[in-house]
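Data first, discussion second: the structure below is written as structure tokens.
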Protein chains: 2
Amino acid sequence: MRRDIFQAIADPTRRAILVLLAVQAMTPNAIAEHFEIKRQSISKHLRILSECDLLKPRQEGREIFYELKIDKMKEIDIWLDQFRKIMEQSFKQLDDVLYTLKNKKK
Amino acid sequence: MRRDIFQAIADPTRRAILVLLAVQAMTPNAIAEHFEIKRQSISKHLRILSECDLLKPRQEGREIFYELKIDKMKEIDIWLDQFRKIMEQSFKQLDDVLYTLKNKKK
DNA sequence: ATTTTGCGCAACCGATCGGCTTCGCATATA
DNA sequence: TATATGCGAAGCCGATCGGTTGCGCAAAAT
């Protein structure tokens with residue numbers, strides 16, 4: 001079980017489920033209506049997403065509403081931050097180069 | 001071949017490679033030194049990342065320097081935007097609720 | 001001219017993935 | 001009480017994944 005958030009969003013069906021649940025909590029059957037796969041397969045996806053802490057199930061009678069834990073999505077953002085920082089740094093270095101060139105011209 | 005960017009970053013080794021290459025372009029051998037897997041496996045990862053347009057190979061004699069096409073990372077950001085927007089909307093709705101409650105108190 | 005080095009490709013292999021079907025259980029509903 | 005419904009768990013299966021080894025080729029070094 002690798003089961004990290006990146007592996008979770010690797011599957012296009014799971015990404016679509018996340019988008020659906022971002023709008024409103026839904027039951028497995030309701031979700032399955034939006035796809036061409038069986039409810040049981042949806043359940044498998046829901047299990048994976050839940051294990052990654054991306055979803056929170058809420059039992060209501062015999063139904064289970066899965067809701068998105070949107071905060072968890074921040075983890076992806078945090079990972080992307082590395083690149084934003086490195087990019088900034090690259091621009092800074094580029095600035096330095098430009099600055100040096102400018103001074104040499106003088 | 002699914003080969004989209006989300007499948008590309010699903011693998012932890014590939015994510016680490018991206019971070020390495022964010023700092024500076026490197027050859028397969030140089031990259032492999034940072035991992036405990038064979039150079040050929042690294043090459044496989046590099047092929048996948050290149051096919052996703054995340055890397056650009058630059059031949060230099062018999063060496064190939066792979067460099068990160070950092071712009072491609074924005075695609076992930078764009079996907080995340082959906083959730084940011086939905087979150088904003090949720091806060092807006094929450095504001096509406098709070099506003100209504102406030103008025104009822106009067 | 002020969003050997004070493006850097007690389008990608010192809011074939012192989014066990015593990016995992018993402019569907020499927022079948023089942024059992026708990027909760028409505030008749 | 002009997003039946004229908006909503007769900008998860010388990011087992012199956014073909015496809016893909018991520019590693020390996022063993023090439024062959026071109027460039028560099030000897």
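Treat the numbers as computed from the prediction; the structure is a model and nothing was measured. Throughout, protein chains are lettered first and strands after them, A, B, ... in sequence-line order, and every chain is numbered starting at 1.
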Worksheet entry | Contact state string [nucleotides 19-30 of chain D, B base, S sugar-phosphate only, - no protein heavy atom under 4.0 Å] | BBBB----BS--
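- Around atom CD of B:Gln59, more than 12 heavy atoms belonging to other residues, nucleotides or ligands sit under 6.0 Å away.
- Rounding to whole angstrom units, CD of residue B:Glu51 and P of D:dT16 are separated by 14 Å.
- Across the protein-nucleic acid pair, A:Ile48 atom CD1 and C:dT16 atom C1' stand 10 Å apart, rounded to whole Å.
- With salt bridges taken as basic N to acidic carboxylate O contacts below 4.0 Å, none links B:Lys69 and B:Glu67.
- With respect to A:Glu88 and A:Arg84, no salt bridge is recorded, no charged nitrogen being found less than 4.0 Å from a carboxylate O.
- In this structure, CZ of A:Phe65 is placed 8 Å from P of D:dC7, rounded to the nearest angstrom.
- When the P atom of C:dT5 is taken as reference, atom CD of B:Glu33 falls 14 Å away, rounded to whole Å.
- If you take CD1 of A:Ile31 and C1' of D:dG6, they are 13 Å apart, rounded to a whole angstrom.
- We find that CD1 of A:Ile64 is positioned 11 Å from C1' of C:dT27, with the value rounded to whole Å.
- Contact check on B:Asp77 versus B:Lys74 returns no salt bridge, with no Lys/Arg side-chain nitrogen under 4.0 Å from an Asp/Glu carboxylate oxygen.
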Discussion item. Between B:Ile17 and B:Phe35, does the side chain to side chain contact (heavy atoms under 4.5 Å, CB included) criterion hold? Intermediate values first, please.
Written reply: CA-CA 9 Å; B:Ile17 290 175; B:Phe35 299 92; 3.9 Å; yes
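- Nearest heavy-atom pair, A:Leu18 versus B:Phe83, reported as atom, atom and distance to 0.1 Å: O-CE2, 3.6 Å.
- Rounded to a whole Å, the CZ atom of A:Arg47 is 12 Å from the P atom of C:dG18.
- At C:dG6, none of the side-chain N or O atoms of B:Thr27 fall inside 4.0 Å of OP1 or OP2 (strictly under the cut-off).
- Between A:Asn29 and the phosphate of D:dT5, there is no side-chain N or O to OP1/OP2 separation shorter than 4.0 Å.
- Using a 4.0 Å cut-off between charged side-chain N and carboxylate O, B:Asp4 and A:Arg15 make a salt bridge.
- Shown here for A:Arg14 and A:Ile48, the closest heavy-atom pair between the two residues is NH1-CD1, 3.4 Å.
- Summarising the geometry of B:Trp79 relative to A:Val19, their closest heavy-atom pair is NE1-CG2, 4.4 Å, with the distance given to 0.1 Å.
- A heavy atom closer than 4.0 Å to some atom of DNA chain C occurs in no member of residues 18-26 of chain A.
- If you take CD of A:Glu63 and C1' of C:dA28, they are 10 Å apart, rounded to a whole angstrom.
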Would you tabulate the pairs of protein nitrogen or oxygen atoms and nucleotide nitrogen or oxygen atoms of nucleotides 13-15 of chain C closer than 3.5 angstrom?
none

Discussion item. I'd like to know whether B:Leu49 forms a side chain to side chain contact (heavy atoms under 4.5 Å, CB included) with B:Tyr66, so could you lay out the CA-CA distance, the side-chain angles of the two residues, the decisive distance to 0.1 Å, and finally the verdict.
Written reply: CA-CA 10 Å; B:Leu49 293 171; B:Tyr66 286 85; over 6 Å; no
Discussion item. Pair B:Leu68, B:Leu20 - check side chain to side chain contact (heavy atoms under 4.5 Å, CB included), show working.
Written reply: CA-CA 9 Å; B:Leu68 179 64; B:Leu20 273 181; over 6 Å; no
